[in-house]
Amino acid sequence: MIWKEILIRYGEISTKGRNKVDFINRLRDNVRYSFHDILPLKIRAERDRMFIEIENEEKMIVLLDRLPEIFGIQSFSPVASCAKDVDAVKALAVEIMGIFKDQDITFKVEVRRTDKTFELDTHTLQREIGGVVLRNYQNLSVQMKQPDVTLRIEVRMDAIYVMAQVIPGAGGMPIGSNGKSLLMLSGGIDSPVAGYLMMKRGVRLEAIHFYSPPYTSQNSLQKVKDLANELTKFGARIRLHIIPFTELQVLIKERVPENVTMTTTRRMMLRIADQVREEIDAMAIITGESLGQVASQTLESLTAINDVTATPILRPLIAFDKLDIIEIAKKIDTYETSIQPYEDCCTIFTPASPKTKPKLEKIMHYESFTDFDEYIERAVRNREVHIFPEKKEKADAFSELL
Ligand code: ATP
Ligand code: MG
């Protein structure tokens with residue numbers, strides 16, 4: 001096999017020293033985690049790039065398949081190597097440029113010599129390699145300014161290294177480099193997308209879901225588990241806290257006027273989420289709310305709901321159009337799961353005409369006649385916790401990453 005290693009260019013990285021070290025260490029850990037099934041991997045991290053050694057073709061295929069999903073990588077390139085011999089490097093250059101033989105593209109050769117004693121100097125090597133590639137592939141042509149492909153040749157002390165492809169990475173920051181937050185995960189389209197966007201900003205997720213059996217079915221719960229599992233493919237485990245919510249929903253329905261049940265329901269959800277957040281030592285809560293989408297997502301509603309806590313509530317979709325959210329959901333493969341038609345605990349108890357502009361003082365007044373605290377405590381205490389992906393050995397090996 002000609003491929004020797006994969007060169008990884010970092011994504012958005014802080015210029016500050018300590019953060020940079022954290023970013024790089026975190027990225028290396030996340031890469032190891034994502035490729036747990038092909039370990040061991042030799043990873044060499046430098047200040048400006050990282051290298052993964054490739055031992056065989058199977059590993060190469062898996063790496064190329066999954067690297068584009070790992071946050072914190074701007075781009076990566078497969079690197080081939082050969083002996084320090086002019087004929088060998090020419091043959092390798094021809095083989096690599098064969099990747100593009102059916103396309104009409106322009107290229108240039110760029111040689112760098114760390115080993116100044118090599119028999120040909122930079123310019124001669126550049127010219128000779130360009131010549132042999134041109135002779136082999138009729139539809140390639142040389143262009144020095146902004147060519148489609150740059151064939152990079154590095155003559156190092158131990159061998160000659162060659163690369164020609166720059167494959168885009170997922171961008172963003174390594175998961176975990178920006179702390180941990182609790183995602184309120186419904187079975188809808190929006191919340192998985194919100195979780196994805198925060199993961200892309202380096203946030204590690206735990207998720208919380210409210211369900212109301214027997215009003216909501218096993219299928220609707222399974223759908224949420226599937227969504228949590230789908231989000232793990234971006235390179236991190238996710239713990240899902242499932243909150244039994246029936247008792248509280250029934251209570252709310254009894255105790256507050258119908259047109260404010262929705263607001264109170266959301267307030268109780270947020271109070272529960274905030275308790276779980278504190279227990280798991282997460283810093284913020286994430287929701288899939290988007291301004292104006294439904295009655296609970298007007299500024300007045302958000303204000304009334306938000307009032308129960310001073311914890312930062314991150315709403316990455318607040319300014320997104322639904323169609324744009326759907327597009328991301330399709331791209332990250334959560335859309336098909338989200339549109340499965342199972343009931344959500346909120347929709348079932350949603351009144352016909354919820355208040356779109358609830359007044360906080362009134363809501364607090366209605367709630368003041370009931371002691372919700374013990375119900376909230378019970379819901380938090382009786383939660384079920386699942387870890388995704390569910391495979392046992394993986395969960396154990398990486399428990400320190402949560
Ligand atoms: P989604 O598509 O994410 O369900 P939505 O547009 O349907 O959002 P709502 O149902 O009003 O809007 O929910 C707004 C947000 O509240 C959700 O994005 C999610 O973060 C949270 N949420 C709603 N229902 C639940 C639930 N059953 N469990 C956990 N979080 C929920
Ligand atoms: Mg919903």
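Numbering of ligands and ligand atoms starts at 1, following listing order. Side chains are part of it too, since the values below use all heavy atoms of this structure and drop only hydrogens, waters and symmetry mates. The structure displayed is predicted, hence computed values, not measured ones.
Ligand 1 has no nitrogen or oxygen under 3.5 angstrom from a nitrogen or oxygen of Ile208. Checking only distances, Gly187 never comes within under 3.5 Å of ligand 1, N or O to N or O. Below 3.5 Å of separation, one finds no N or O of Pro192 facing any N or O of ligand 1. At least one N/O-N/O distance between Ser186 and ligand 1 falls below 3.5 Å.
Remark: ligand 1 atoms within the under-4.0 Å shell around heavy atoms of Gly288 are 17 (C), 18 (O), 20 (O). The ligand atoms of ligand 1 that sit less than 4.0 angstrom from a heavy atom of Gly188 are 1 (P), 2 (O), 4 (O). Close contacts of ligand 1 with Thr287, meaning ligand atoms under 4.0 Å from a residue heavy atom, involve 20 (O). The ligand atoms of ligand 1 that sit less than 4.0 angstrom from a heavy atom of Ile189 are 2 (O). The atoms of ligand 1 that sit less than 4.0 Å from any heavy atom of Ser296 are 11 (O).
Under the 3.5 Å distance criterion, with hydrogens and angles disregarded, no donor-acceptor pair is assigned to the side chains of Asp226 and Thr337. Residues Ser290 and Arg315 bring no donor and acceptor atom of their side chains to less than 3.5 Å of each other. With 3.5 Å as the limit, one finds no donor-acceptor pair spanning the side chains of Asn306 and Thr303. In summary, the side chains of Thr114 and Arg156 do not present any donor paired with an acceptor at a separation below 3.5 Å, with no hydrogens or angles considered. Side-chain atoms of Ser186 and Ser191 form a donor-acceptor pair, as typed in the model, at a separation below 3.5 Å. Judged purely by distance below 3.5 Å, without hydrogens or angles, the side chains of Glu367 and His365 never pair a donor atom with an acceptor atom.
A distance below 6.0 Å separates the ring centres of Tyr196 and Phe71.
Within 4.0 Å of atom 7 (O) of ligand 1, not a single protein heavy atom is present.
Tested against Glu110 for a salt bridge (charged side-chain N to carboxylate O under 4.0 Å, His left out), the candidates Arg112, Arg113, Lys108 yield a single pass: Lys108. Each of Glu279, Glu206, Glu377 was evaluated against Arg383; a single residue qualifies, Glu279, per the salt bridge (charged side-chain N to carboxylate O under 4.0 Å, His left out) test.
Looking only at heavy atoms of the protein, atom 5 (P) of ligand 1 is closest to Asp190 OD2, 3.5 Å. Atom 3 (O) of ligand 1 has Ser191 N, 2.7 Å as its closest protein atom, hydrogens excluded (heavy atom only). Nearest protein heavy-atom contact of atom 28 (N) of ligand 1 is Phe210 N, 3.1 Å. Nearest non-hydrogen protein atom to atom 29 (C) of ligand 1 is Leu185 O, 3.3 Å.
Within the 4.0 Å heavy-atom criterion, the part of Asp344 lying near ligand 1 is the side chain and not the backbone.
Rounded to the nearest 0.5 angstrom, Ile376 CD1 and Arg267 CZ are separated by 10.0 Å.
Here atom 26 (C) of ligand 1 lies nearest to Met269 when heavy atoms of Met269, Arg315, Met184, His241 are compared. Evaluated by nearest non-hydrogen atom to atom 12 (O) of ligand 1, the leading choice among Arg266, Met262, Glu289, Gln297 is Gln297.
Geometric assessment of Arg378 against the ring of Tyr375 yields a positive cation-pi assignment under the 6.0 Å and 45° thresholds.
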